[in-house]
Enquirer: 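Okay, handing you the structure first.
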Amino acid sequence: MCYCSDGRSDEHRKATNSAQPPPPPAAVIQLPRRKAVPFVILRRLLIATVSSLAVTILLFVHVQVPPPPSFSHSHHHNYFSDKFPAFHDPQSWKTEQVPLHLSKAPFSAPKLNDSGWNSDYEKLWKPPPNHGFLPCTKPTPNYTTYSESRGYLLVHTNGGLNQMRTGICDMIAIARMINATLVIPELDKKSFWQDNSTFSDIFDEEWFINSLANDVKIIKKLPKKLVHATKMVIQFKSWSGMNYYENEIASKWDFYKVIRASKSDSRLANNKLPSDIQKLRCRTCFEALRFSPRIEQMGKILVERMRSFGPYIALHLRYEKDMLAFSGCTHDLSTSEAEELRIIREGTVYWKRKYIDPIEERSKGLCPLTPKEVGIFLTALGYPSNTPVYIAAGEIYGGESHMAELRSRYPLLMSKENLASIEELEPFSNHASQMAALDYVVSVESDVFVHSYPGNMARAVEGHRRFLRRGRSISPDRKSLVRLFDKLANGKMTEGINLSNKIIDLHKKRQGLLTKRKGPISGTKGLDRFRSEEAFYSNPLPDCLCQTQTPNANATHVVR
């Protein structure tokens with residue numbers, strides 16, 4: 001098919017001509033040919049214009065818009081679905097996605113040369129000064145490789161991830177003290193979390209063994225010839241020192257070749273231990289006890305996705321069912337919720353406290369802050385509503401019913417579940433300790449870490465951040481805050497500059513500053529004396545952090 005100069009095909013021309021009336025008779029006077037040329041040109045121009053418009057419209061109508069790309073995490077703007085969960089889902093705060101207008105482009109932090117950003121950075125994000133402190137975990141010159149093993153130490157860890165983690169670190173130090181070969185610890189599978197993960201599911205087993213090769217001999221399994229040997233099962237005394245292990249426990253090797261520690265948490269004193277033992281605890285906790293490669297990799301991905309929104313807060317929100325049942329705290333809960341928690345507490349055999357006055361506990365500052373109270377707290381500190389907040393927690397009790405007010409203040413409320421796809425999280429799902437490990441990674445790497453209750457994870461993360469000299473770690477003064485929150489509830493105070501100034505003043509020295517670990521509270525005795533000490537793993541200074549000679553310079557020489 002050929003196209004003629006006027007834009008019509010031969011067939012088009014024939015069809016057009018056949019539809020026209022017959023030519024006029026010869027008697028009709030024709031216009032002179034030279035005068036008809038402009039009219040012909042004008043007609044052809046009009047036909048060409050109309051044809052072009054028709055073709056353009058036809059193409060525009062039939063062009064198909066390509067479908068959006070499939071869910072991919074190679075680009076951060078495709079992380080989130082634009083669909084929202086059903087409102088009735090009690091855990092919808094976890095799966096609720098970023099609003100559509102936010103999912104298209106991540107939050108971008110103001111440039112550092114912006115005067116407004118400089119002010120906000122100083123007030124909200126700037127890490128506390130490290131005063132020239134650097135990690136110093138290398139052994140002293142008097143330290144030697146481990147002596148010949150006298151027996152085998154089996155360890156049964158107890159509690160959640162961070163309770164097991166610090167317990168394992170203590171057991172490494174204890175194995176060193178009593179000249180034992182440590183068998184890779186058996187993780188707690190029967191606690192509240194019901195997690196069947198093994199050591200290698202959570203930690204990098206080979207790295208752990210090799211990193212501590214000069215300190216303690218570690219093997220994966222007890223030798224077959226000793227599997228059925230008589231074992232001594234013992235619960236080591238809490239917060240014990242060097243003498244207890246070197247004398248009372250080491251003497252058991254005369255009668256047994258295998259000692260089994262039935263619990264691992266808080267078996268070693270915080271203070272008054274030899275420098276090399278303290279440094280060994282730090283080498284184990286902060287260097288040797290890495291998470292497994294797949295946990296490290298997924299944790300890094302979550303951190304990158306949080307950072308795509310700008311500087312972020314990691315909030316360890318202790319508002320899970322087990323925490324509330326254990327503590328007996330029921331503020332802002334319904335009568336039926338409070339009753340459910342009471343039944344759980346009374347039915348848990350290894351929880352010793354059964355009757356708890358929730359009002360008295362809260363007035364003493366012994367209860368975790370509620371999600372609503374955390375929202376008030378962060379607002380008073382000055383964090384704007386567009387601050388990304390990562391929720392490091394298990395299943396929040398009551399779900400969205402208790403998260404709504406926090407979300408109303410901070411819409412960019414994130415969790416593992418809405419930062420990653422179901423497929424990405426599938427290997428970790430149904431394993432509470434592995435999911436907690438992901439939260440741990442994101443929390444340690446956060447710009448600001450805030451906890452609502454100083455439990456095992458809060459202490460572990462705060463200590464790790466101190467060791468790595470990370471950003472702020474804010475520890476709420478719950479006892480003082482409760483009084484202010486009650487005034488708000490009673491109408492004796494309103495949110496604003498007055499409340500903000502009070503809360504900021506209360507927390508000037510609660511930002512994860514590098515200060516020497518606190519000893520026991522004066523007047524306390526017995527186990528209460530040890531409980532009142534600042535935990536070793538939450539503050540490894542002075543044992544594992546040493547100050548440079550010139551704190552304000554980039555010196556590398558470390559004073560030990």
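Predicted, not measured: the structure shown is a model, and the values here were computed from it.
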Enquirer: Determine whether the side chains of Y537 and R281 contain a donor N or O and an acceptor N or O closer than 3.5 Å.
Expert: yes

Enquirer: Hey, are T137 and E287 close enough side-chain-wise for a donor-acceptor pair under 3.5 Å?
Expert: yes

Enquirer: Would the Y383 and Y410 ring centres measure less than 6.0 Å apart?
Expert: no

Enquirer: For Y390 and E445, does a side-chain donor sit closer than 3.5 Å to a side-chain acceptor?
Expert: no

Enquirer: Tell me if the centroids of the rings in Y312 and W125 come within less than 6.0 Å of each other.
Expert: no

Enquirer: Show the numbers, then the answer: is there a disulfide (SG to SG under 2.5 Å) between C367 and C329?
Expert: CA-CA 6 Å; C367 288; C329 297; 2.0 Å; yes

Enquirer: Classify the ring geometry of F449 against H451: parallel below 30°, tilted from 30° to 60°, perpendicular beyond 60°.
Expert: tilted

Enquirer: Please name the pair of heavy atoms, one in P358 and one in T330, separated by the smallest distance, quoted to 0.1 Å.
Expert: CB-OG1, 3.4 Å

Enquirer: Calculate, to the nearest 0.5 Å, the distance between atoms NZ and CD belonging to K364 and E360 respectively.
Expert: 4.0 Å

Enquirer: What closest approach, in Å, do L425 and E417 show between heavy atoms, and which atom pair accounts for it?
Expert: CD1-CA, 3.9 Å

Enquirer: Evaluate the criterion disulfide (SG to SG under 2.5 Å) for residue pair C169 and C285; output intermediate values, then yes/no.
Expert: CA-CA 6 Å; C169 298; C285 189; 4.0 Å; no

Enquirer: Under 30°, 30 to 60°, or over 60°: which ring-plane class applies to F291 and Y440, parallel, tilted or perpendicular?
Expert: perpendicular

Enquirer: Within this structure, what is the CG-CG distance for the pair L187 and N158, rounded to the nearest 0.5 Å?
Expert: 11.0 Å

Enquirer: On the 0 to 90° scale, with breaks at 30° and 60°, tag the F530-W239 ring pair as parallel, tilted or perpendicular.
Expert: parallel

Enquirer: Supply the atom-to-atom distance S538 OG to R517 CZ, rounded to the nearest 0.5 angstrom.
Expert: 8.5 Å

Enquirer: Decide salt bridge (Lys or Arg N to Asp or Glu O under 4.0 Å) for R318 and E320; before the verdict, give the C-alpha distance in whole Å, the side-chain angles of both, and the deciding distance to 0.1 Å.
Expert: CA-CA 6 Å; R318 284 310 319 265; E320 302 99 337; 2.8 Å; yes

Enquirer: Could you tell me if R465 and S446 have a donor-acceptor pair between their side chains, going purely by distance under 3.5 Å?
Expert: yes

